[in-house]
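The structure appears below as structure tokens.
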Amino acid sequence: MKNKKRISVLALLMLYLCFGAANVFAAGNADNIGDKIERFVSENESTTAGMAVTVFDSESELYTGCFGFTDMEQRVRTDRNSVFEWGSTTKLLVWSSVMQLYEQGKISFDADVRDYLPEGYLKNLRFDKPVTMTHLMNHSAGFQERLWDVFANSEDEILDLGELVAKRQPEQVFEPGSVTAYSNWGVALAGYIVECISGQPFYEYVNQHIFSPLGMKHTSLKPDYSDNPFVREAWDRLVCYTTDCKKLEPSRYFVSIYPAGSCVSTIGDYLVFAQALLNRESALFAKPETHDLMFSPTLYYDGTTIPRCCHGMWMIPLGKPVYGHGGNTAGCSAYILLSPEDNLGMAVMTNQSGEITYNCKMPELLFGQFDEMKYFGQKRELPTGLFKTARSVFTGPIKLYNIAFMGFDEESSGEFWVWNRETGAVCAPYGDSLSVSTWNVVYELTIAGLWLVSIVVIPVTLVVMLICRLRRGESRPLGQWAAVAMLLRLAVVGIAAYIVWSGLTYRPSDSYFWGFAVIAALALALGAWAVVGIVGLNRQGDTMKKGTKFVRVMTLSGIIITLVNILYWNLFMFW
């Protein structure tokens, strides 16, 4: 009997080593993860508002911790009943819905998306190559950034999804499949396609096919959160902060383009959804093969076999590849990170806008730090020159947003990117950066810089002219011409400043887009007034005093600089 018992023990040990070793190794990084997280939070307590984190495998909740406050002033502590905004991790609900419809044979990843939309729905397509669902999942459909109408101040400003997507169509500036440029609008379009195929509002589809089967009772996706009274009441009490714990006023906004980022839930429901994504046999999909397909690459880093995007999930390069999505709203930040290989996941929620300590640094405790040698086997050559992000505005009245440039230096070596020398693009998670010529950089900075200088000079010149007029006690026609010209230019600046303020305070674009029409009218008036000034200068040039002539020439230069900027930055485009 003893020998048989020993043999049985040995047999069990061999089975454990053969079949259980992988799980032991996978769970290795999760050993004492709670202690590691709590030490990490203690080290960063001074910049912590509220944070909830959960670590899990496909079957178990390994650790969940709630820290800080959802209202620092009232000392309301974060707990499992606290709600946070998902931000762009909401997009995983869109892609999960698309995968469900694919599983049912109702959608093809490679079909033209116009096959699923009302006739003539898409107005701004510029290329013959069709846009597919795969392009939308990879953010490579070619659409430029849409900066307005992302957030709303009240429920009254929220449009029906189909109306919103149709009304706020961005320009298509890249051929589909050629450039990766993160697009909230492209995800909203995918959400509307789900509506068209299912015959349900997107939030109703998700409630019926994702939240309900998974038992997520403390989650809301409807843009005004009226579909879940618990969530709406808790969200109304949530206070949000900056990364250095300064209170945001106001703290919260509604997400207009809601499938791209409006979900709100507790950490418990966030865990349920993240765990369902990790578990290939969860209620999220009818077939385990659909789960496997979702984690298969649809986009690779240029010239490599390194996955970049998997059916809407980004590969996040840490100590090993993990998959998921990060998210930010005006007041919250969140992340879902999954490692199917290790059967491990982490989900983070905070009430701090743009937070990176817990969303980007803390996951290294579980998954390790990025090491370029593990991914590339050698140190990468740094890209040369200057670059612009592809997630930008290339045409239209807020093209000025596209003036930002960046370069790569030795400090960039710790970041994950792949330089495609043939195209000049630098590929990174969430999007490409495109090479720009030195001439383009010099030209844009010069005309914008001259415009700024000319604007600063206007009030000084007007004050000097007023002083001179008061001293002389007379009105000079030439001085009046310059004064009118400068007032017209100041009007352009004033309208532009109002538009910027309206955008930063999330006013509906319908309420301020008239400003671009006014700028177009002012540009025509400035052009006509410049002609008047040039004619007067030609007629009276010989008799004109030097000071008056100088003011005239400088004013004409200012008009020309203003008109060049209005034309180049498309500030006249009110349509």
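Just so it is clear, the values below take in all heavy atoms, side chains as well, and ignore hydrogens, waters and symmetry mates.
- A side-chain donor-acceptor contact under 3.5 Å links Gln144 to the backbone of Thr395.
- Neither side chain, Asn279 nor Ser58, offers a donor N or O lying under 3.5 Å from an acceptor on the other.
- Within the 4.5 Å cutoff, no side-chain heavy atoms of Val322 are placed close to those of Leu338.
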Audit row: Cys245, Thr48, side chain to side chain contact (heavy atoms under 4.5 Å, CB included) steps and yes/no
CA-CA 7 Å; Cys245 294; Thr48 302; 5.6 Å; no

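- Classified by interplanar angle (parallel below 30°, tilted 30° to 60°, perpendicular above 60°), the ring pair Phe202/Tyr205 is parallel.
- Remark: the backbone N or O of Asp57 is not paired with any side-chain donor or acceptor of Ser60 at under 3.5 angstrom.
- Counting only heavy atoms from C-beta outward, the side chains of Cys332 and Cys240 approach each other to under 4.5 Å.
- Ring geometry for Tyr182 versus Tyr430: interplanar angle over 60°, hence perpendicular rather than tilted (30 to 60°).
- Glu38 contributes no side-chain N or O that, together with a main-chain N or O of Asp35, makes up a donor-acceptor pair within less than 3.5 Å.
- Ring orientation note: the planes of Tyr498 and Trp514 are tilted relative to one another, at an angle of 30° to 60°.
- Between the CG atom of Leu337 and the OH atom of Tyr323 there is a distance of 12.5 Å, given to the nearest 0.5 Å.
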Determine, step by step, whether Val150 and Tyr253 satisfy the side chain to side chain contact (heavy atoms under 4.5 Å, CB included) criterion, reporting the C-alpha distance in whole Å, the side-chain angles of both residues, the deciding distance to 0.1 Å, and the verdict.
CA-CA 10 Å; Val150 175; Tyr253 297 89; over 6 Å; no

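- For the atom pair Asn32 CG and Ile37 CD1, the distance stands at 11.0 Å (nearest 0.5 Å).
- Under a cutoff of 6.0 Å and an axis angle of 45°, Arg252 and Trp235 form a cation-pi pair.
- Relative ring orientation between Phe174 and Phe394 is described as perpendicular, the plane-to-plane angle rising above 60° on a 0-90° scale split at 30° and 60°.
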Ring pair (Phe, Tyr, Trp, His ring centres under 6.0 Å) evaluation trace for Tyr375 with Phe416
CA-CA 9 Å; Tyr375 285 88; Phe416 193 93; 5.3 Å; yes

Please tabulate, for side-chain N and O atoms in residues 206-218, each donor-acceptor pair with protein atoms closer than 3.5 Å (sequence neighbours left out).
from: Asn207; atom 1: ND2; to: Tyr203; atom 2: O; distance (Å): 2.9
from: Asn207; atom 1: ND2; to: Asp227; atom 2: OD2; distance (Å): 3.1
from: Gln208; atom 1: OE1; to: Gln200; atom 2: NE2; distance (Å): 2.8

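- Counting heavy atoms from C-beta outward, Phe387 and Leu434 have side chains that stay 4.5 Å or more apart.
- The line from CD1 of Ile398 to CD1 of Ile499 is 10.0 Å long, rounded to the nearest 0.5 Å.
- Counting only distance, with no hydrogens or angles, the side chain of Ser96 and the backbone of Leu92 share a donor-acceptor pair below 3.5 Å.
- In summary, the side chains of Asn228 and Lys222 do not present any donor paired with an acceptor at a separation below 3.5 Å, with no hydrogens or angles considered.
- Taking every heavy atom of both residues into account, Ser265 and Trp86 meet most closely at OG-NE1, 2.8 Å.
- Nearest heavy-atom pair, Glu59 versus Gln275, reported as atom, atom and distance to 0.1 Å: C-NE2, 3.5 Å.
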Decide side chain to side chain contact (heavy atoms under 4.5 Å, CB included) for Tyr270 and Thr89; before the verdict, give the C-alpha distance in whole Å, the side-chain angles of both, and the deciding distance to 0.1 Å.
CA-CA 10 Å; Tyr270 203 47; Thr89 54; 3.2 Å; yes

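- Residue pairs that meet the ring pair (Phe, Tyr, Trp, His ring centres under 6.0 Å) test with at least one member in residues 35-70, sequence neighbours left out, are Phe40-Tyr358.
- With 3.5 Å as the limit, one finds a donor-acceptor pair spanning the side chains of Glu85 and Thr329.
- The closest side-chain heavy-atom distance from Glu171 to Glu145 is not below 4.5 Å.
- In this structure, Val187 and Pro259 approach most closely via the heavy-atom pair CG1-O, 4.2 Å.
- Considering only heavy atoms from C-beta on, Ser262 comes within 4.5 Å of Leu221 through its side chain.
- Residues Lys388 and Glu444 have side chains in contact (heavy-atom distance under 4.5 Å, counting atoms from C-beta outward).
- Salt-bridge annotation for Glu249 and Lys247: present, with a side-chain N of the basic residue lying under 4.0 Å from a carboxylate O of the acidic one.
- Side chains of His291 and Phe285 form a contact here, defined as non-hydrogen atoms less than 4.5 Å apart.
- By the 4.0 Å N-to-carboxylate-O rule, Arg308 lies close enough to Asp432 to be salt-bridged with it.
- More than 12 non-hydrogen atoms from other residues, nucleotides or ligands lie less than 6.0 angstrom from CZ of Phe405.
- Gln172 places a side-chain N or O within donor-acceptor distance of the main-chain N or O of Ala141, the cut-off being under 3.5 Å.
- Looking at Asp342 and Lys320, a side-chain N of the basic residue comes within less than 4.0 Å of a carboxylate O on the acidic one, giving a salt bridge.
- Between Ser392 and Thr389, the shortest heavy-atom distance links the atoms CB-O, 3.4 Å.
- No side-chain donor from either of Asp149 and Ser256 sits under 3.5 Å from a side-chain acceptor of the other.
- One side chain, Asn328 or Ser333, offers a donor N or O that lies under 3.5 Å from an acceptor on the other.
- Aromatic pair Tyr512/Trp501: ring centres not closer than 6.0 Å.
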For His139 and Trp314: C-alpha separation, side-chain torsions, deciding distance, then whether ring pair (Phe, Tyr, Trp, His ring centres under 6.0 Å) applies.
CA-CA 11 Å; His139 294 263; Trp314 296 100; 5.5 Å; yes

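- When all heavy atoms of Ala330 and Leu248 are compared, the pair lying nearest together is O-CD1, 3.4 Å.
- Residues His325 and Met313 have side chains not in contact (no heavy-atom distance under 4.5 Å, counting atoms from C-beta outward).
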Verify salt bridge (charged side-chain N to carboxylate O under 4.0 Å, His left out) between Arg280 and Asp292, making sure each step is shown before the conclusion.
CA-CA 7 Å; Arg280 66 189 303 268; Asp292 299 341; 2.4 Å; yes

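- The environment of CD in Glu281 is sparse: at most 12 heavy-atom neighbours from other residues, nucleotides or ligands sit within 6.0 Å.
- A distance-only check finds no donor-acceptor pair linking the side chain of Gln352 to the backbone of Gly331 [under 3.5 Å].
- Within a 6.0 Å sphere centred on CD of Glu364, heavy atoms belonging to other residues, nucleotides or ligands number more than 12.
- Under a cutoff of 6.0 Å and an axis angle of 45°, Arg380 and Trp419 do not form a cation-pi pair.
- Using a cut-off of 4.0 Å between Lys/Arg side-chain N and Asp/Glu carboxylate O, Asp510 and Arg168 are scored as salt-bridged.
- Judged purely by atom type and a 3.5 angstrom limit, Ser296 uses its side chain to pair as donor or acceptor with the backbone of Leu293.
- Using a cutoff of 4.0 Å between basic side-chain nitrogens and carboxylate oxygens, Arg232 and Asp236 are scored as salt-bridged.
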Please walk me through it: do Lys167 and Leu159 pass side chain to side chain contact (heavy atoms under 4.5 Å, CB included)?
CA-CA 10 Å; Lys167 194 173 184 179; Leu159 300 177; 4.2 Å; yes

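- The 12-atom threshold is not exceeded at CD of Glu233, counting heavy atoms of other residues, nucleotides or ligands nearer than 6.0 Å.
- Smallest separation of non-hydrogen atoms from Arg80 and Thr266: O-CB, 3.4 Å.
- Residues Ser42 and Glu45 bring no donor and acceptor atom of their side chains to less than 3.5 Å of each other.
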